[in-house]
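Working notes, beginning with the structure itself.
In the text below, chain A, chain B and the rest are named by the order of the sequence lines, each starting its count at 1. None of the values given here were measured: they were computed from a predicted structure.
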There are 2 protein chains.
Amino acid sequence: MEAVVDEDVCTKWSETLRVYHNTSCELENSLQDGHDLGLSEFEVLKILSRSCGKHGGKAKMKELEAEMYLSQSALSRTVTRLEKAGLVTRATCDFDRRAMFLLLTPAGQERYEAAQPTYRAVLRRHLA
Amino acid sequence: MEAVVDEDVCTKWSETLRVYHNTSCELENSLQDGHDLGLSEFEVLKILSRSCGKHGGKAKMKELEAEMYLSQSALSRTVTRLEKAGLVTRATCDFDRRAMFLLLTPAGQERYEAAQPTYRAVLRRHLA
DNA sequence: TGACATCCAATGCACGTGCATGTAAGTTTC
DNA sequence: GAAACTTACATGCACGTGCATTGGATGTCA
């Protein structure tokens with residue numbers, strides 16, 4: 001019977017919804033209050049911090065876009081906010097001048113490392 | 001070691017994020033394109049349709065608010081949209097004239113029933 | 001080389017959301 | 001019964017998002 005599947009699927013969905021909402025709300029609030037960072041801003045710093053270790057301090061916009069659940073335009077503005085806050089620098093790529101490299105500034109690295117414990121604590125509280 | 005827990009928790013979170021985003025985006029698009037309904041609008045109709053069966057066609061705003069992940073103001077505006085579309089009616093309560101009852105109109109019931117298969121199909125595709 | 005398609009990022013715009021506040025109705029305290 | 005408090009809902013406002021478009025750079029093909 002399909003009805004059984006539907007019920008099961010609905011339960012799974014409402015559970016996902018609950019976890020997502022509780023967690024992301026608290027992440028948003030904690031990061032904002034404690035570190036003046038939005039969740040998607042933190043997420044950019046996180047990815048950037050990872051790939052900066054690997055690629056010598058650079059990451060392309062397109063790479064970021066592929067790794068997070070954000071439209072191209074939203075990402076562009078998120079980066080603009082981070083740049084205004086001095087946490088990130090934009091740099092044009094010499095080989096393809098359409099593309100942009102992103103660099104984590106020392107302030108950005110510092111802010112990310114300060115925020116990471118908060119982030120992990122919230123995740124642990126909700127998902128452990 | 002805490003690092004192990006953190007990694008596990010991060011994986012769980014990114015999985016939740018993935019499922020939530022894919023599912024809710026497709027729900028939003030399918031419901032909008034096929035039935036001219038936003039996801040939170042559909043959710044209101046869904047709850048209303050359930051409790052209308054039980055309570056003789058009525059549900060209070062506060063009840064809705066408790067059952068969905070939406071702020072009081074957002075819910076108020078969602079109901080306004082539904083009312084403008086003729087899918088729902090607001091009615092003041094005689095016993096507590098601060099409170100509002102919501103009624104599903106025949107058009108609302110019809111729209112909900114038309115949209116439900118779409119909704120379930122998306123959930124099944126992503127969560128089955 | 002010139003014309004055309006494709007790609008990357010930024011921006012105008014509309015929209016839904018949350019927070020803070022306003023307004024009106026009910027409740028409590030004296 | 002008047003004043004202070006609480007509750008229910010609506011609204012002003014700021015903000016982040018997605019879609020569509022633009023502007024500039026690159027690639028392709030004749």
Residue pair A:Leu75 / A:Met61: nearest heavy atoms and the distance that separates them: CD2-O, 3.6 Å
message: side-chain contact (heavy atoms from CB on, under 4.5 Å), that's the test. Do A:Leu37 and A:Leu87 meet it? Break it down for me.
response: CA-CA 11 Å; A:Leu37 284 174; A:Leu87 306 178; 3.9 Å; yes
field: Sugar-phosphate, base or nothing in reach of A:Leu75, heavy atoms under 4.0 Å
entry: nothing
Using the 3.5 Å cut-off, write out each protein N or O paired with an N or O of nucleotides 23-27 of chain C and the distance between them.
unit_1 : atom_1 : unit_2  : atom_2 : d
C:dG26 : OP1    : B:Arg97 : N      : 2.9

field: Note, B:Thr80 side chain near B:Arg90 side chain (heavy atom, < 4.5 Å)
entry: yes
message: I want to check something: taking the side chain as every heavy atom from C-beta on, are B:Arg18 and B:Glu15 in contact at a cut-off of under 4.5 Å?
response: yes
- prompt: Under 4.0 Å between a side-chain N/O of B:Ser76 and OP1 or OP2 of C:dT17, yes or no?
  reply: no
query: Between B:Met100 and B:Ser76, does a side-chain contact (heavy atoms from CB on, under 4.5 Å) hold up when you go through it step by step?
result: CA-CA 10 Å; B:Met100 298 291 295; B:Ser76 174; over 6 Å; no
field: Minimum side-chain heavy-atom gap B:Trp13-A:Ser24 below 4.5 Å
entry: yes
query: Side chain of B:Thr16, backbone of B:Lys12: donor and acceptor closer than 3.5 Å?
result: yes
statement: Terminal axes of the helix from C:dT1-D:dA30 to C:dC30-D:dG1 (5 end pairs apiece), angle rounded to 10 degrees, sit apart by 10°
- prompt: Is any side-chain N or O of A:Thr92 closer than 4.0 Å to OP1 or OP2 of C:dC8?
  reply: no
task: Look at the side chain of A:Ser14 and the backbone N and O of A:Thr11, then say whether any donor-acceptor pair between them is shorter than 3.5 Å.
output: yes
message: Under 4.0 Å from OP1 or OP2 of D:dT17: is there any side-chain N or O of A:Ser40 that close?
response: yes
task: Inspect the contact between A:Glu41 and A:Arg111 and indicate whether a charged nitrogen and a carboxylate oxygen are less than 4.0 angstrom apart.
output: no
- request: Would you kindly give the CZ-to-P distance between A:Phe101 and C:dC8, to the nearest whole Å?
  value: 13 Å
message: Taking side chain to side chain donor-acceptor pair (under 3.5 Å) as the criterion, tell me which of B:Lys46, B:Arg124, B:His35 meets it with B:Tyr119.
response: B:Lys46
- prompt: Any side-chain heavy atom of A:Thr23 sitting closer than 4.5 Å to one from B:Tyr20?
  reply: no
Could you go through nucleotides 19-22 of chain D and list every protein N or O atom that sits under 3.5 Å from one of its N or O atoms, giving the distance for each pair?
unit_1 : atom_1 : unit_2  : atom_2 : d
D:dC19 : N4     : A:Ser73 : OG     : 2.8

